[in-house]
Number of protein chains: 2
Amino acid sequence: MSRKPVTIKDVAAEAKVSRATAARALNNYGYVGGSAAERVREAADRLGYRHNRIAQALRRGDLPLIGFIPGDIQNPFFARIAHDLDKRLRQQGHNLLIASSEEDLDQERELVESLRSLSVRGLIVAPTSARDMSHFQSLAKDNMPLVVIDRYSGNVACDSIVVDNEGGAREGVDLLVSKGHRRIAFLGDEGRIFTVQQRLAGYRSALQAHGLAVDERMIALSGSTTKHAVEAVIRLFRQTPAPTAIFTVDSLMTTGAMIALRSMGLRVPRDVSLVGFDDFDLATFTDPQVTVVSQPIERIGPLAAEIMLQRISGDSCAPQHHVFPTELIIRGSVAAI
Amino acid sequence: MSRKPVTIKDVAAEAKVSRATAARALNNYGYVGGSAAERVREAADRLGYRHNRIAQALRRGDLPLIGFIPGDIQNPFFARIAHDLDKRLRQQGHNLLIASSEEDLDQERELVESLRSLSVRGLIVAPTSARDMSHFQSLAKDNMPLVVIDRYSGNVACDSIVVDNEGGAREGVDLLVSKGHRRIAFLGDEGRIFTVQQRLAGYRSALQAHGLAVDERMIALSGSTTKHAVEAVIRLFRQTPAPTAIFTVDSLMTTGAMIALRSMGLRVPRDVSLVGFDDFDLATFTDPQVTVVSQPIERIGPLAAEIMLQRISGDSCAPQHHVFPTELIIRGSVAAI
DNA sequence: CGTGAATGTGAGATCGGTATCACATTGCCT
DNA sequence: AGGCAATGTGATACCGATCTCACATTCACG
């Protein structure tokens with residue numbers, strides 16, 4: 001039933017040449033006679049020969065694979081990046097191996113090991129922790145290309161692509177302050193801790209720049225689900241005096257906030273103003289449309305792919321560090337107080 | 001700088017045993033003396049030995065890889081399934097290689113070839129076309145496990161997992177009819193053609209069961225983006241007499257319909273009733289909340305993974321075919337006429 | 001104390017493709 | 001015609017891990 005796969009040896013035999021010649025004909029390199037090449041290709045066709053990348057890889061040292069380790073593939077942010085990476089890398093004959101760390105440092109370590117033992121050519125990672133990057137340091141030693149996206153703290157020599165989280169958050173909070181808001185809540189997410197810390201820093205610095213004190217009771221960190229976000233927001237707004245505005249750290253949290261506010265009977269923007277980090281598809285559809293700080297997500301994946309391809313082709317110039325600016329998109333969820 | 005990777009030969013030398021013994025110690029099989037095993041493990045540790053899966057794979061015949069070919073990884077439906085697959089398969093030591101077909105038959109064919117040459121252990125696919133499955137037939141011949149999800153037409157001998165698209169659509173349209181609607185529009189998506197055909201069949205059969213004629217002008221097929229959906233809906237509702245209700249084929253189309261209706265000044269459900277196929281996160285958040293036909297997405301990935309694991313471990317019983325029922329979730333987007 | 005079983009180890013083949021080297025043959029130039 | 005480069009081909013080593021087989025011990029038991 002299941003005949004075993006056709007090898008180059010079979011093809012060579014069929015074409016009555018040696019394995020070496022067959023290989024040369026199939027990969028066109030070295031000297032091959034025209035008629036021999038013809039016969040080999042014909043034989044390969046007839047037998048249904050299929051390259052065995054593994055054998056090839058054993059000789060070359062690596063597989064046409066590039067690993068991608070996002071925090072969570074279900075997060076539309078990472079799904080988009082995965083899509084862009086896959087598209088570009090596949091054009092160049094690479095396959096993208098996606099393995100989600102689920103924002104767990106230990107799992108991330110294991111994945112790195114696992115991908116290395118698969119001899120991937122490079123790794124593109126959104127690290128769970130920007131602090132503990134020890135498992136990445138050894139990659140550099142072995143000359144494995146590494147591109148870090150979304151979170152980077154500078155303690156590993158590799159390329160990085162991030163957005164200006166602090167500046168973006170500052171701009172969003174600035175808007176709220178300029179509309180007269182003084183009690184502005186902050187809703188963060190435990191999952192993407194590093195990004196959240198930077199956005200929180202932007203929040204603090206915006207308040208301080210306007211001479212406003214930072215009230216720690218206005219700051220909430222919730223679990224990384226809509227449900228947790230809802231609960232956290234309810235707690236925030238049960239306080240007296242309640243916030244008059246809220247800044248949320250990503251689209252999941254934004255969604256949670258809107259659900260929570262509605263359930264408490266608070267109207268946006270009449271009762272509460274809202275600014276969220278991250279744009280999302282339905283942001284223009286909700287009622288009201290949500291004012292957001294958007295990041296140029298469409299540029300991150302392609303750039304990461306480009307850098308990776310450079311590195312794979314042997315470019316070993318100094319690490320590149322890219323910081324993209326954010327953009328404040330004003331819609332209808334902010335009102336003057 | 002970049003010392004070359006440590007091989008089992010190095011470990012064996014360090015531990016002063018033969019490669020064979022080293023291999024036995026590291027994979028604990030066969031007979032190995034306690035002290036020898038000890039020394040080998042120590043040496044491996046000291047040298048930082050890392051398994052080379054490629055060499056292993058060349059011997060065994062396959063890599064710990066399973067391919068997943070969805071139509072589009074950005075579609076939350078497939079992202080969810082990818083996540084569930086990855087989680088379960090990784091537990092068993094497999095890596096999930098995700099490659100999106102972008103709903104393109106030729107690309108799908110190439111991907112299948114490409115994944116085969118990587119010696120994956122099995123494939124999980126949401127076929128672009130349920131009609132032309134020729135590229136899958138040869139898989140079966142070579143005993144490569146294949147699990148088809150979301151779309152299946154029966155002409156390949158493999159396991160399949162689908163939902164009752166026709167029944168679900170019928171139920172949704174039934175609801176609209178029972179509320180007195182007679183001019184019910186249908187909005188489909190060119191991308192996932194097969195699924196759409198089944199849902200369209202459900203739509204037709206529901207109307208016919210109630211003795212209503214099917215008006216072809218009420219049926220629109222749009223491109224697979226929100227933007228196209230919006231345009232298609234606007235065309236549908238510009239007709240006279242206009243529809244009083246609309247059934248949409250997936251969450252993307254549902255979103256598009258809501259945006260279009262709003263832009264035309266039509267209110268849901270006062271002016272137009274809406275039922276969508278596929279539940280989505282924000283369905284309970286929009287105003288009004290959307291009545292949907294939901295599929296048990298949380299069961300598809302895990303089941304597919306389970307079947308794949310069975311097949312990989314050599315189970316070769318007859319192909320299994322699973323059809324999940326859908327569930328009508330009534331929220332606030334349908335009103336009596 | 002001898003003999004067969006259980007245990008431990010190493011040499012070498014193997015997986016499929018590629019690279020190197022050696023050996024032929026042809027062609028071109030002086 | 002002689003000589004050297006260009007061209008075509010096959011034999012063989014190699015990549016790293018595993019597996020089979022042969023061989024050496026050790027052990028137990030009659």
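Per chain, numbering begins at 1; letters A, B, ... match sequence-line order. In this text the structure is predicted, and so the values were computed from the model without any measurement. Scope of the values below: all heavy atoms of this structure, side chains included, with no hydrogens, waters or symmetry mates.
Closest approach to the B:Y31 side chain among D:dT9, C:dT18, C:dT7 is made by C:dT7 (side chain taken as heavy atoms from C-beta onward). Distances were taken from every side-chain heavy atom of B:A20 (C-beta onward) to each of C:dA19, C:dG12, D:dG16; the shortest belongs to C:dG12. Across C:dT9, C:dG17, C:dG10, the shortest atom-to-atom separation from the side chain of B:V32 is found for C:dT9. Nearest to the side-chain atoms of A:V17 among the listed nucleotides D:dT9, D:dC19, D:dG10 stands D:dG10.
Dashed line: the shortest gap from a side-chain N or O of A:T21 to OP1 or OP2 of D:dT9 is not under 4.0 Å. Taking side-chain N and O atoms only, A:N27 has no distance below 4.0 Å to OP1 or OP2 of C:dG17. Phosphate contact (OP1/OP2 of D:dG16, side-chain N/O of B:Q56, threshold under 4.0 Å): absent. Close to C:dG16, at under 4.0 Å from its OP1 or OP2, lies no side-chain N or O of A:T7. Using a 4.0 Å cut-off, some side-chain N or O of A:Y49 falls inside it from OP1 or OP2 of C:dG17. Between A:N52 and C:dC15 there is no side-chain N or O to OP1 or OP2 distance below 4.0 Å.
In this model, a side-chain donor or acceptor of B:R24 finds a partner on the base of C:dG10 within 3.5 Å. Donor-acceptor pairing under 3.5 Å, judged by distance alone, is present between the side chain of B:R19 and the base of D:dT18.
Salt bridge annotation for A:R53-B:E113: absent, with no cationic side-chain nitrogen under 4.0 angstrom from a carboxylate oxygen. Salt bridge annotation for A:E103-A:R151: present, with a cationic side-chain nitrogen under 4.0 angstrom from a carboxylate oxygen. Salt-bridge check for A:D84 with A:R80: passed, with a basic side-chain N closer than 4.0 Å to an acidic carboxylate O.
With hydrogens and angles left out, the side-chain atoms of A:H83 and B:D72 include no donor and acceptor closer than 3.5 Å.
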